[in-house]
Amino acid sequence: MSEERSSLNFLEHIIEEDLKTGYTKDQLRFRFPPEPNGYLHIGHASSICLNFGLGLKYGAPVNLRFDDTNPAKEEQEYVDAIKRDVEWLGFTWDTERYASDYFQQLYDWAVLLIQEGKAYVDSQSSEDMAAQKGSPTEAGVPSPFRDRSVEENLALFQGMKEGKFAEGTHVLRAKIDMSAPNMLMRDPIMYRILHKAHHRTNTDWCIYPMYDWAHGESDYVEQVTHSLCTLEFLPHRELYDWFLDQIHDTKKIRPKQREFARRNLSHTVVSKRKLLQLVESAVVTGWDDPRMPTISGLRRRGYTPESIRNFAETIGIAKRENLIDVSLLEFHVRDHLNKIAPRVMGVLDPLKLVITNYAEEEEWLEAENNPEDAAAGSRKVPFSKELYIEKADFREEANRKFFRLKLGGEVRLKNGYIIKAESCTKDTEGNITEVQCTYDPKSKSGSGTDESLRKVKGTLHWVSIKHALEAEIRLYDRLFTDESPDTHKDKDFMDFVNPDSLKVITGYVEPSLKNAKVQDRVQFQRLGYFCVDPDSTSEKLVFNRTVGLRDTWAKISEKS
RNA sequence: UGGCCCAUGGUGUAAUUGGCAACACAGCUGGUUUUGGUCCAGUCGUUCUAGGUUCGAGUCCUAGUGGGCCAACCA
């Protein structure tokens, strides 16, 4: 597969290079390492697609590893949600791992470092330590505890482990270089005391390793070859390598950390703090609100795993700053849903249409389920004298660019007949309340008559009033009015919340939808893609608009 | 103000590693269409600046400019 001549991203170039000079293909191994402290979002999705995609490309295993080194923030609930989301995206991990699986090993290695004089227990306050750290332009100063004896360090560290000390009284630090230009190398903390129960190890431990100490060593334990993370971890690489130097057995794989730029999506925020703020301030209804950029939100909105994977693949991966327009994500849902979503008819903004010369009680017309997919078959939709059409599809008069219904003009009712608008009635305020029309009985769709073959410029969707199902329709728009809401120095991202990001309306849909199930996805013809929300009941259908159809008419009418 | 990373059409990403700057989206034209959808065809438009090396530079070197990251007992 790696012989494919399709272009490679910079990480694939690195891997190809490593394959030539070092590793064999069957040694390759990747990992996706979330911290179980929140819900996964679209940014994680591209990291998941990157790591698991590499696994698929090279036939290499990919571990799902939970970076659970901070019991203050992590919960089992998040572990479960993360697993569900990764699975939903369509990926299978090789083994499920936890940094907490390695607490004992990490402890043993830490003891080794102490014995070698490469780590020491510091007993200062965090404020004092911060003050000694220096700044990017000034060197730090050594802690007064830096030269404790190995014996004392060993005894204290053991005491820390045994719970003899309160939180904040001691930490274990690596003894590296207090004047290193890289601040992370100025005697970084390896362990802190936390008297908190951990969702997996419970109270077995009261000292917990810091990210830098745990991450690289976990990669090493798992023999991950390429440990990929976002660019803000670049300064950590030096420390990652230093920690590996201390324990690396040259007969084993030495993991490499490499960094890529996180993908930024326009009109959204992804930081956990900000997403939480949206939830807590009730701007959205929860982590899975269809407007949220979380995987669970996208799922509820009606996005398909394929569309997200395709999106991740087209945006690619690189090292530069980026802001990807959400419309690209929308393109990919449309692209996929166009192929798989059954077509149905629903009217969201109804206007009554009466066919004055229609004499039948009702009839059931044949309707194609999906013109993109012959195997999708067809269904019957009821037709009768009184229908709903969209308000926007009728005007008393209009210019030639308006293909829809106008007085004296003709259109085809999708799957039905050609009609001609004869008159309309209005209320006291001048709003059109009903349109009267006549139909050509010989023009029935699919009948093969000359009349049925006639071309008319417009085709409208419709529903038969007496057969229609009432449904709640939730129309979503971007959550933020600004394309990059959290990058303004003078304004808070909450200032850009779009007040119209949700509109709830009542619509009328064809009766074939009666038994639609939660998560079913359909195209309301000429309107967009919709899916059945979990709030739906047998009494009342609830649809989410996933995304509208591409709308050329909106552009034309905007111009004039 | 120290160290490090980055810079290619409107957006995102490529460029066989120094050899004709391409792909997707968006835009615009037209065609097909019982969805103003889809599909098809065409079109628009790009290497931050200044030097240097070279027969040849998006790619290498130097300087500049612009953007980003780094001082949590977070990850």
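If you're wondering where the values come from, they're calculated on a predicted model, not measured in any experiment.
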Rounded to whole angstrom, note down the C1' distance from B/G45 over to B/G10.
-> 9 Å
Could you check whether A/H13 gets within reach of a base, just the sugar-phosphate, or nothing at all, counting any heavy atom under 4.0 Å?
-> base
Determine the Euclidean distance between corresponding C1' atoms of B/A14 and B/A50; express it in Å to zero decimal places.
-> 27 Å
Do A/K161's NZ or CZ and the ring of A/Y107 fall within the cation-pi criteria of under 6.0 Å and 45°?
-> yes
Going through the checks in order, is the side-chain contact (heavy atoms from CB on, under 4.5 Å) test met by A/F383 and A/W364?
-> CA-CA 6 Å; A/F383 186 83; A/W364 290 71; over 6 Å; no
B/C6 OP1/OP2 closer than 4.0 Å to side-chain N/O of A/K319 = yes
Between the main-chain N or O of A/G134 and the side-chain N or O of A/E138, is there a donor-acceptor pair closer than 3.5 Å?
-> no
Is a salt bridge present between A/K256 and A/D241, judged by a nitrogen-to-oxygen distance below 4.0 Å?
-> no
Looking only at atom P, what distance separates B/C40 and B/A75, rounded to whole Å?
-> 50 Å
Donor-acceptor pair between A/R379 and A/N369 side chains, under 3.5 angstrom = yes
Pick the P atom in B/A57 and in B/U47, then give their distance to the nearest Å.
-> 15 Å
Please state the C1' separation for the pair B/A41 and B/U54 - nearest whole angstrom.
-> 42 Å
With heavy atoms under 4.0 Å as the rule, sort A/Q132 into base, sugar-phosphate or nothing.
-> nothing
From B/C73, B/C25, B/G2, nucleotide with atom closest to A/S126 side chain | B/C73
Could you tell me whether B/U38 is syn or anti, where syn means a glycosidic angle within 90 degrees of zero?
-> anti
Return the nucleotide paired to B/U46: Watson-Crick means purine N1 to pyrimidine N3 with N6-O4 or O6-N4, wobble means G-U with N1-O2 and O6-N3, both under 3.5 Å.
-> none
With a 4.0 Å cut-off on heavy atoms, is A/N182 in touch with a base, just the backbone sugar-phosphate, or nothing at all?
-> nothing
Would A/R31 and A/S227 count as a side-chain contact (heavy atoms from CB on, under 4.5 Å) if you check the C-alpha gap in whole Å, the side-chain angles of each, and the deciding distance to 0.1 Å?
-> CA-CA 7 Å; A/R31 108 266 92 118; A/S227 180; 3.0 Å; yes
Which letter, B, S or -, goes with each nucleotide of nucleotides 31-41 of chain B from 5' to 3', with contact meaning a protein heavy atom under 4.0 Å?
-> ---BBBBB---
Spacing of the C1' atoms in B/U13 and B/C70 (rounded, Å) | 28 Å
Hey, which of these two, A/I324 or A/S327, hits RNA chain B nearer its 5' end, going by closest nucleotide?
-> A/I324
Is A/H236 side chain donor-acceptor paired with the B/A75 base, going by distance under 3.5 Å alone?
-> yes
Between A/T169 and A/F10, the residue closer to the 5' end of RNA chain B by nearest nucleotide is A/F10
Is the cationic atom of A/K414 (NZ for Lys, CZ for Arg) positioned less than 6.0 Å from the six-membered ring centroid of A/W462 and within 45 degrees of its normal?
-> no
Taking only the side-chain nitrogens and oxygens of A/K555, find out if one of them lies under 4.0 Å from OP1 or OP2 of B/G27.
-> yes
Can you spot which of A/D177, A/V171, A/I176 makes a side chain to side chain contact (heavy atoms under 4.5 Å, CB included) with A/D187?
-> A/I176
B/A7 to B/C61 separation - P atoms, rounded to the nearest Å | 13 Å
Would A/E366 and A/K380 pass as an ion pair if we require N to O under 4.0 Å?
-> yes
Would you indicate, yes or no, if B/C74 has its OP1 or OP2 atom less than 4.0 angstrom from a side-chain nitrogen or oxygen of A/R192?
-> yes
With sugar-phosphate meaning primed atoms plus P, OP1 and OP2, does A/I317 contact a base, only sugar-phosphate, or nothing at under 4.0 Å between heavy atoms?
-> sugar-phosphate
Check every strand shown and say whether A/T69 touches a base, only sugar-phosphate, or nothing at a heavy-atom separation below 4.0 Å.
-> sugar-phosphate
Can you figure out which of B/C70, B/C5, B/C74 approaches the side chain of A/M210 most closely?
-> B/C74
What's the closest nucleotide to the A/M183 side chain, out of B/A71, B/C69, B/A75?
-> B/A71
C1' gap between B/A71 and B/U1, integer Å = 15 Å
If only side-chain N and O atoms of A/R263 are considered, is one of them under 4.0 Å from the OP1 or OP2 phosphate oxygen of B/U13?
-> yes
How is A/Y211 classified with respect to the nucleic acid when contacts are heavy atoms under 4.0 Å: base, sugar-phosphate, or nothing?
-> base
For A/F233, report the nucleic acid contact type (base, sugar-phosphate, nothing); a contact means any heavy atom under 4.0 Å.
-> base
Nucleotide nearest A/P181 when distance is taken to its side chain, options B/G67, B/G3, B/A14 | B/G3
